**Student:** 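Below is one structure. I have some questions about it.
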Amino acid sequence: MTDFTISLNVASLAESLRNTCLWYHDGVLPADREPNSRCLDDVAVVGALFGEVDKDAVRILHCFFAIDASTERFAEIVREMSDALPANVVFLGTLVVTSDSDTSSEIDDDVIADLTAEAGVVVQISADECAIRSGSLADMQGVVVKSGDQGAQRSATLLDQNNQDYGNGRVSLSVCLPITISFLLYSIEDLDSKIIEQIDEWTERVKRLHFLSENGTTMISANGDVCGNLADDASVIDLYRSSQADPDSIPKNKNLNCYADRLVLSPIERLCAADSDSQDPPSVPMIQTKNGDYKHFRIVFVINGTTVVKQNSKLTDAAPLIVRSLLRELSSASRMFLQYSSFSSVELNNFNLPQGYLFLPDKSPSYLSLHYPASIDSKTADRMRQRLHKLFNLPFGRPALRTSMRHQFPTERSFLLRDVHLNVSTSNSVGSVTTVQGHYNYHHYMQDGIDDNGWGCAYRSFQTVWSWFMLQGYTDKAPPTHREIQQALVDIGDKPASFVGTKQWVGSMELSFCLDHLLGITSRILTAGSGAEMAEKARELALHFATEGTPVMIGGGVLAHTILGVDFNEDTGEVRFLILDPHYTGDEDIKTIVSKGWCGWKSESFWKADAFYNMLLPMRPANIV
């Protein structure tokens, strides 16, 4: 009998455990966070493993650690986690963290078997906490029980695999489904049970849906039947190509990426009895009437199912995943709706409808699809996010699940280009490269219908910096306009009222005042007496990008730029700066911007020798989720 291979990313495993320890110890790890020191000696820790199964290979994408989880609580946690993950990612089993004090937690085998039904295998891994934190596979042991093997354990070979390339060769499939709950209510005591009854009915309706392609030429049934322009054995890439305005423009060898490439399908319910699987003969509809003081109840909310499939997968294999994604979304949305709604009356303001958001946390190979109540106060929202950070082992003290951080596919984004520097090559680096962390939008001259050519570069650089705080979840406010920036300087007494509406320049110091006044963000100001001194600031800039990770606005003479990174050689002192230039006046054309150097690496000679430079280094807020 052949061995199984279990692929997992040890660094990701260690990061998840570290975040769990930070949450458990209120953000301060004991023993100075040494990798050979235990942080969870006195508690039982079980990791819930999620990933994909392919014949005799298991690929673990996530390990979410739960502390002191009882069997009943663990099953509840796993189901909630599953509902948040794409339909192709299933619960695989457990990783038990052991220590000298033997605090391993035993989860009932029947519960594990029930939870792993979708996977068809049960993965069991044991590892010492110190081994995980030090990234050692040698001290981990894994076995697999496959359905149909009569419970026989099969040894497994553990492989360390990076998930950075996970999205390549895959595409996201999305379905938007409005859920209508409507009925006549006689007694208020029946309200919650009636709602649950209708949710259960929707669960069955989802299983019978058909899915129509965007151009209406192909339909897929829930059981995988394909009709329309494509053959029965068509693949996902065939559907993707046929859905494009110009199918011939998509190369046959095109490599899709699920974080950017998406197929949107429309749900259609069966319209006639001939489509039904039921063997019952057709019946004549009957209408019953009943007199009484009934109230009509009707609410509508929307769920968005998302799954990720390999682009060469058959549509017949993808169909069940689409259905599963909608079932998970319905379960998650219903859980949120029932928890945050009041059933004391049928007044609509008592019902907190769920709103769904798709997130892609930093370094995560797969999405998290979460539901928040439509109406919620800030304190409750903070507690909810803290709980979700703990549940999914997300960082302590840094936002990851704020609504402004939701994942957006390219077709959903504004016209602004995002993360332009990722298109700039680092192949000719001179030393160690350190760049901005997270996302930002590229703001430059002539956008928003404003002709600021010749005077607005600092304003545009400031908007780029602001967009970083917005996209990292520290604010929901859009970047301020030139006039709003000017008004802020007037409000704090830095400029006279006549300043508003002018074309006067602003510098790094004034913009640090704005950032503090408008967002409550503090900043460091780094100065260079001349362009020749800029190389001396490379070490400080590298440290800033490694720790704070925010873009740096720099002003000197009459010009402003945004620094996104440094390439620094400690031995030779050679340095290059990754510059985003706000003076660009053209269209949002990434090829032109990169090829013409509007975003690119510049040597220290880029800075003028006779100019004095101020650099605005914004500080990331601490302990915010």
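What you see is a predicted model, and the numbers here were worked out from it, not measured in a lab.
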**Student:** Under 3.5 Å, side chain of S325 to main-chain N/O of I322, donor-acceptor pair present?
**Tutor:**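 Looks like yes, one N/O pair under 3.5 Å.
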**Student:** Is a side-chain N or O of W202 found less than 3.5 angstrom from the main chain of E197, in a donor-acceptor match?
**Tutor:**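 A pair under 3.5 Å: no.
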**Student:** Does the distance from a Lys or Arg side-chain N to an Asp or Glu carboxylate O, for R387 and E80, drop under 4.0 Å?
**Tutor:**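 Yes, this pair counts.
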**Student:** Grab the two heavy atoms, one from P399 and one from M405, that are nearest each other, plus how far apart they are.
**Tutor:**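 In this case the closest contact between P399 and M405 is O-CE, 3.4 Å.
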**Student:** How far does CD of Q244 sit from CG of L239, to the nearest 0.5 angstrom?
**Tutor:**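 Q244 atom CD to L239 atom CG measures 9.5 Å (nearest 0.5 Å).
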**Student:** For a quick test of reading the model, state the closest non-hydrogen atom pair linking V121 to V58 and the distance between them.
**Tutor:**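 Distance-wise, the nearest heavy atoms are CG2-CG2, 4.5 Å.
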**Student:** Whether the side chain of Y367 engages the backbone of P361 through a donor-acceptor N/O pair (distance < 3.5 Å, no angle test) should be reported.
**Tutor:**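 It does not hold such a pair.
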**Student:** Whether R59 and D165 form a salt bridge (side-chain N of Lys/Arg under 4.0 Å from carboxylate O of Asp/Glu) is what I want to check.
**Tutor:**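 Between R59 and D165 there is a salt bridge, with a charged N closer than 4.0 Å to a carboxylate O.
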**Student:** Per the salt bridge (charged side-chain N to carboxylate O under 4.0 Å, His left out) rule, what does the pair list look like for residues 117-126, sequence neighbours excluded?
**Tutor:**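 As it turns out, the salt bridge (charged side-chain N to carboxylate O under 4.0 Å, His left out) pairs with a partner in residues 117-126, which skip direct neighbours, are E118-R324, E118-R328.
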**Student:** State the OG-CZ distance between S366 and R170, to the nearest 0.5 angstrom.
**Tutor:**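 Taking OG in S366 and CZ in R170, the distance rounds to 10.0 Å.
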**Student:** Return the OG1 to CG distance between T403 and L370, rounded to the nearest 0.5 Å.
**Tutor:**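 Here the interatomic distance stands at 12.0 Å.
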**Student:** For a quick test of reading the model, state the closest non-hydrogen atom pair linking F91 to A119 and the distance between them.
**Tutor:**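 What the structure gives for the nearest pair is O-CB, 3.4 Å.
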**Student:** Less than 4.0 angstrom from a charged side-chain N to a carboxylate O is my criterion; do E412 and R262 meet it?
**Tutor:**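 The answer is yes: the pair qualifies as a salt bridge.
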**Student:** V264 and E214: which non-hydrogen atoms are nearest, and at how many Å?
**Tutor:**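 Looking at all heavy atoms of both residues, the shortest contact is O-CG, 3.0 Å.
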**Student:** Answer yes or no: is there a donor N or O on one side and an acceptor on the other, between the side chain of D54 and the main chain of A57, under 3.5 Å?
**Tutor:**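 Not confirmed, D54 side chain does not pair with A57 backbone.
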**Student:** Mark yes or no for whether H439, through its side chain, and Q472, through its backbone, hold a donor-acceptor pair below 3.5 Å.
**Tutor:**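 No; judged by distance alone, with no hydrogens or angles, the pair does not exist.
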